[in-house]
Amino acid sequence: MLKMMIEAYRTSGRFMRVLPLIVAIPVVAELVQHVVEWRTGMFDSYAMAEAVAEHPARMGFGHVKVAALFLTGYWAMRFLAFEGDARRTLRWDPTAIALFSLVLVFQALMTLVQDQAGSWLAAIVPAGGALLLAGFVALLVAMAAELYLAPWKAGAAIGEPHLHWAASFRLMRGQIGWSFGFTLAMLAPTMILHYLLNGLAIGRPPALAAIVLAADSLLVGYMAILLPAANYLVARRAAERNGARLVGFAPPVAREAQPTKAAPAVS
């Protein structure tokens, strides 16, 4: 696990150096959201931060940022799949674009469901412990669904049509526990730092707050590569444990149908 974590962190850093214009997409999106938050007074005090947390402008630009993160994942997974080859990463691939557009639609639907899940659950589950438990179960289900579809997302980014939902579920069978632990261990440090930086900016002098928020925006750009890198490495490990590989993936039936070499005749 540690070796894969190091690979993800190193590859994400290399991506930022090699393809800075791609990284600029989520960085600028985060900067714009911070500007909106600043204008609503979110960084004036902790009381104001709590009061405007659900401000429509902030939530709206938050969705733009999420879209930028999902879009960046396309190039991030290609970069890993093609072993850091920037030319292959950026190459126009109509098949990959068409397949990944479905991933983007799926992620948009998942975001919508997650935004509304709280109100939906509150309408059918009694308040208190039951509601908290239902919310926790719903979160686990959503995370499991994301992990089961990790090979599908990776395959879409690299233009592998045989890596559909059914193939993705087959590859991930028996891999969810390890994959959940790996994803959590790898992303927790950056997520904690992200929240710490946002908290540190509250109530600070404008110049200091601006520096902190600029640093946070760069961190979000890094995370925009790290998150899909985690997805890709989970998918790659699952494929390898099933005797397959993501690039040039052949479905099980196709592999079984491949002719075997005839045994040499015994004289």
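Since we're looking at a predicted model, the values are computed, not measured.
Within the 4.5 Å cutoff, the side chain of Phe106 has no heavy atoms near those of the Leu102 side chain. Counting only heavy atoms from C-beta outward, the side chains of Thr72 and Val23 never approach each other to under 4.5 Å. With a 4.5 Å cut-off on side-chain heavy atoms, Thr111 and Phe70 count as touching. Counting only heavy atoms from C-beta outward, the side chains of Arg236 and Met77 never approach each other to under 4.5 Å. Proximity of Glu7 to Leu233: side-chain heavy atoms (C-beta onward) are separated by under 4.5 Å at one or more points. Counting heavy atoms from C-beta outward, Glu30 and Asp216 have side chains that approach closer than 4.5 Å. Contact annotation: the side chain of Phe61 never approaches that of Glu37 to less than 4.5 Å [non-hydrogen atoms, C-beta and beyond].
Here the closest heavy-atom approach between residue Pro26 and residue Ala224 is recorded as CG-CB, 3.5 Å. Nearest heavy-atom pair, Ala238 versus Met172, reported as atom, atom and distance to 0.1 Å: CB-SD, 3.5 Å. The minimum heavy-atom distance between Ser217 and His34, with the atom names listed, is OG-CD2, 3.4 Å. Contact between Leu19 and Ala86 at its shortest, heavy atoms only, is CD2-CB, 4.1 Å. Listed here is the closest heavy atom pair of Pro228 and Ala76: CG-CB, 3.5 Å. Of all non-hydrogen atoms in Phe43 and Asn198, the two that sit nearest each other are CE2-O, 3.9 Å.
Here CG of Leu213 is found 8.5 Å from CG of Leu31. Values are rounded to the nearest 0.5 Å. Rounding to the nearest 0.5 angstrom, the gap separating the OG atom in Ser179 from the CE atom in Met1 is 8.5 Å. Leu193 contributes atom CG, which lies 8.5 Å from atom CE of Met223 (distance to the nearest 0.5 angstrom). Met191 contributes atom CE, which lies 6.0 Å from atom NE2 of His194 (distance to the nearest 0.5 angstrom). Once rounded to the nearest 0.5 Å, the distance linking CD1 of Ile6 with NZ of Lys3 reads 9.5 Å. From Leu104, atom CG reaches atom CG of Leu99 across 11.5 Å, with rounding to the nearest 0.5 Å.
Transitive grouping of hydrophobic side chains (ILVMFWY, heavy atoms separated by less than 4.5 Å) brings Leu219 and Tyr195 into a common cluster. Linking Ile, Leu, Val, Met, Phe, Trp and Tyr whenever their side-chain heavy atoms come within less than 4.5 Å leaves Leu69 and Met110 in two separate clusters. Hydrophobic clustering keeps Met59 apart from Leu112 (ILVMFWY residues linked when any side-chain heavy atoms are closer than 4.5 Å, directly or through intermediates). In this structure, Val220 is not a member of the same hydrophobic cluster as Phe79, with clusters built from ILVMFWY side-chain heavy atoms closer than 4.5 Å. Linking Ile, Leu, Val, Met, Phe, Trp and Tyr residues whenever their side-chain heavy atoms come within less than 4.5 Å leaves Val36 and Trp38 in two separate clusters.
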Requested in this report: Give the C-alpha distance, both sets of side-chain angles, the deciding distance and a yes or no for side-chain contact (heavy atoms from CB on, under 4.5 Å) between Ile22 and Phe15.
Outcome: CA-CA 9 Å; Ile22 300 297; Phe15 186 104; 3.7 Å; yes
Query raised in the report: When you look at Trp92 and Ile97, which way does the side-chain contact (heavy atoms from CB on, under 4.5 Å) test go after all the steps?
Result: CA-CA 8 Å; Trp92 180 262; Ile97 292 171; 3.5 Å; yes
Query - Thr11 vs Tyr232, side-chain contact (heavy atoms from CB on, under 4.5 Å): CA-CA, chis, key distance, verdict - result: CA-CA 12 Å; Thr11 303; Tyr232 185 84; over 6 Å; no
**Report entry** Residue pair Val64, Val32: steps toward the side-chain contact (heavy atoms from CB on, under 4.5 Å) verdict
**Finding:** CA-CA 10 Å; Val64 173; Val32 171; over 6 Å; no
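A donor-acceptor pair under 3.5 Å is formed between the side chain of Asn242 and the backbone N or O of Leu171. Side-chain atoms of Asn231 never come within 3.5 Å of backbone atoms of Leu227 as a donor-acceptor pair (strictly under, hydrogens ignored). A donor-acceptor contact shorter than 3.5 Å links the side chain of Ser101 to the backbone of Ala98. Looking at Arg78, its side chain does come within 3.5 Å of a backbone N or O of Arg88 through a donor-acceptor pair. Looking at Tyr9, its side chain does come within 3.5 Å of a backbone N or O of Met186 through a donor-acceptor pair.
Each of Leu80, Thr95, Leu246 was scored for a side-chain contact (heavy atoms from CB on, under 4.5 Å) with Ile158, with one residue passing: Leu246. Of the candidates Thr89, Leu90, Asp85, Arg87 forms a side-chain contact (heavy atoms from CB on, under 4.5 Å) with just one, namely Asp85.
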Let me check something: any side-chain donor-acceptor pairs from residues 200-211 under 3.5 Å, sequence neighbours excluded? List them with distances.
from, atom 1, to, atom 2, distance (Å)
Arg204, NE, Leu200, O, 2.8

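Applying the ring pair (Phe, Tyr, Trp, His ring centres under 6.0 Å) rule to Phe182 yields the partners Trp178; only residues at least two apart in sequence or on another chain are considered.
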